[in-house]
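Got a structure for you, questions after.
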Amino acid sequence: MDITHRIIHLDTVDSTNRYLRELDSAEDVDMLVCVADYQTAGRGQGTNTWESEQDKNLLFSTKIHPAGVQPTKQFILSEACALALKDVLDMMVNDITLKWPNDVYWRDYKLSGTLIETTLAAGGLKDCVFGVGLNVNQRSFHSDAPNPVSLWQILGHELDRNDLLAQIIECMKRRLQQVYEGQYDEIQQTYHAALYRREGWFPYRDAQGSFLARIEGVRPDGHLLLCDEEGREREYAFKEVEFLGARSKWQGAIV
């Protein structure tokens, strides 16, 4: 099937995710996209905020209705969204990886983050909203975020945000089509291969302290699997483990 979409453009909004969640209108398309030039209350995961200058970056949310995806398998949607962003960025720059669960990294720097919110109905998924913040043309960052980077800082020139959004939407459609066709294994294998720190030993920290481990994979429910130096497998849900700075073994600089 062809996935249809419609774009709503806002100059300013508190949150594109909230706007789409609360939008009370008949939706005649498969994918509804809300893009804003500025968000007054842009959010990351948990209590995190997202720094973005007016008219500089891509701030958008996409609402879909993935009725055929079981709630226990909904992480496949997160993987598909992350891969769609990587598909586009790979055409512009090398060294793009996906930091579990769905951040996009360039080397050791965060280029994009995604907040995903789902709604359940009758035991299944009713709606899924992907809220994406992608640093595009911002030249400097002033928040206490440890490692932001923009495409302007990487490439040295500005990009047309509308063209970039159009490319991302088309890649999201292709990745979602894979989901709807049940191509879960292909998506998961591609996601695993693209993971930040996929190869090698790196420092992490959980509630018990710091340790060295390597990534073993990600379960279909989204749990991260690590193997520590003693050969023990460790499994974590989001926010249960931190990635520590690669150049500072135990200081705890989160990257």
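It should be emphasised that the depicted structure is a prediction, and the values quoted were computed from it without experimental measurement.
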Would you kindly confirm whether Val93 and Leu98 end up in one hydrophobic cluster when ILVMFWY residues are joined by side chain heavy atoms under 4.5 Å apart?
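Same cluster.
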Look at the side-chain heavy atoms of Ile, Leu, Val, Met, Phe, Trp and Tyr, link any pair under 4.5 Å apart, and say whether Tyr38 and Leu20 land in one connected group.
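Different clusters: Tyr38 never reaches Leu20 through Ile, Leu, Val, Met, Phe, Trp or Tyr contacts under 4.5 Å.
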Taking the six-membered ring of Tyr184, is NZ or CZ of Lys73 closer than 6.0 Å to its centre and within 45° of its axis?
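No, Lys73 and Tyr184 do not form such a contact.
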For side chain to side chain contact (heavy atoms under 4.5 Å, CB included), just list the numbers for Trp100 and Ile215, CA-CA rounded to whole Å, side-chain angles, deciding distance to a tenth of an Å, and then say yes or no.
CA-CA 10 Å; Trp100 174 83; Ile215 292 177; over 6 Å; no
Pair Thr190-Arg175, side chain to side chain contact (heavy atoms under 4.5 Å, CB included): steps then yes or no:
CA-CA 11 Å; Thr190 307; Arg175 289 297 182 180; 4.2 Å; yes
Enclosure of Lys173 NZ (heavy-atom neighbours >12, cutoff 6.0 Å):
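Correct, the count exceeds 12.
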Would Ile169 and Phe60 count as a side chain to side chain contact (heavy atoms under 4.5 Å, CB included) here? Give the steps.
CA-CA 11 Å; Ile169 289 173; Phe60 70 96; 5.7 Å; no
Is Trp106 reaching over with its side chain to a backbone N or O of Asn94, donor-acceptor style, under 3.5 angstrom?
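Confirmed, Trp106 side chain pairs with Asn94 backbone.
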Kindly assign one of parallel, tilted or perpendicular to the pair Phe75 and Tyr191, based on the angle between their ring planes and the thresholds 30° and 60°.
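If you compare the ring of Phe75 with that of Tyr191, the planes turn out perpendicular.
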Under a single-linkage definition using a 4.5 Å side-chain heavy-atom cutoff for Ile, Leu, Val, Met, Phe, Trp and Tyr, are Val13 and Leu23 assigned to the same hydrophobic cluster?
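Both belong to a single hydrophobic cluster.
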Taking the side chain as every heavy atom from C-beta outward, state whether Asp28 and Arg6 have any pair of such atoms under 4.5 Å apart.
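In short, these two side chains touch, coming nearer than 4.5 Å.
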Within the structure provided, determine whether Val132 and Met172 are in side-chain contact (heavy-atom separation under 4.5 Å).
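In short, these two side chains do not touch, never coming nearer than 4.5 Å.
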Should the ring pair Tyr105 and Tyr196 be called parallel, tilted or perpendicular, given that the plane angle runs from 0 to 90° and is split at 30 and 60?
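Plane angle between 30° and 60°, so tilted.
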Flag for Thr4-Asp30: side-chain donor and acceptor within less than 3.5 Å:
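Side-chain D/A pair, Asp30 to Thr4: present.
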If hydrophobic clusters are built from ILVMFWY residues whose side chains come within less than 4.5 Å, do Val88 and Trp152 share one?
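No; Trp152 is not reachable from Val88 via cluster members.
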Could you go through Lys86 and Val104, starting from their C-alpha distance and side-chain angles, then the distance that decides it, and tell me whether this counts as side chain to side chain contact (heavy atoms under 4.5 Å, CB included)?
CA-CA 7 Å; Lys86 185 178 187 301; Val104 179; 5.6 Å; no
Among Leu58, Asn137, Asn135, Leu89, exactly one meets side-chain contact (heavy atoms from CB on, under 4.5 Å) together with Leu151. Which residue is that?
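Answer to the side-chain contact (heavy atoms from CB on, under 4.5 Å) test with Leu151 among Leu58, Asn137, Asn135, Leu89: Leu89.
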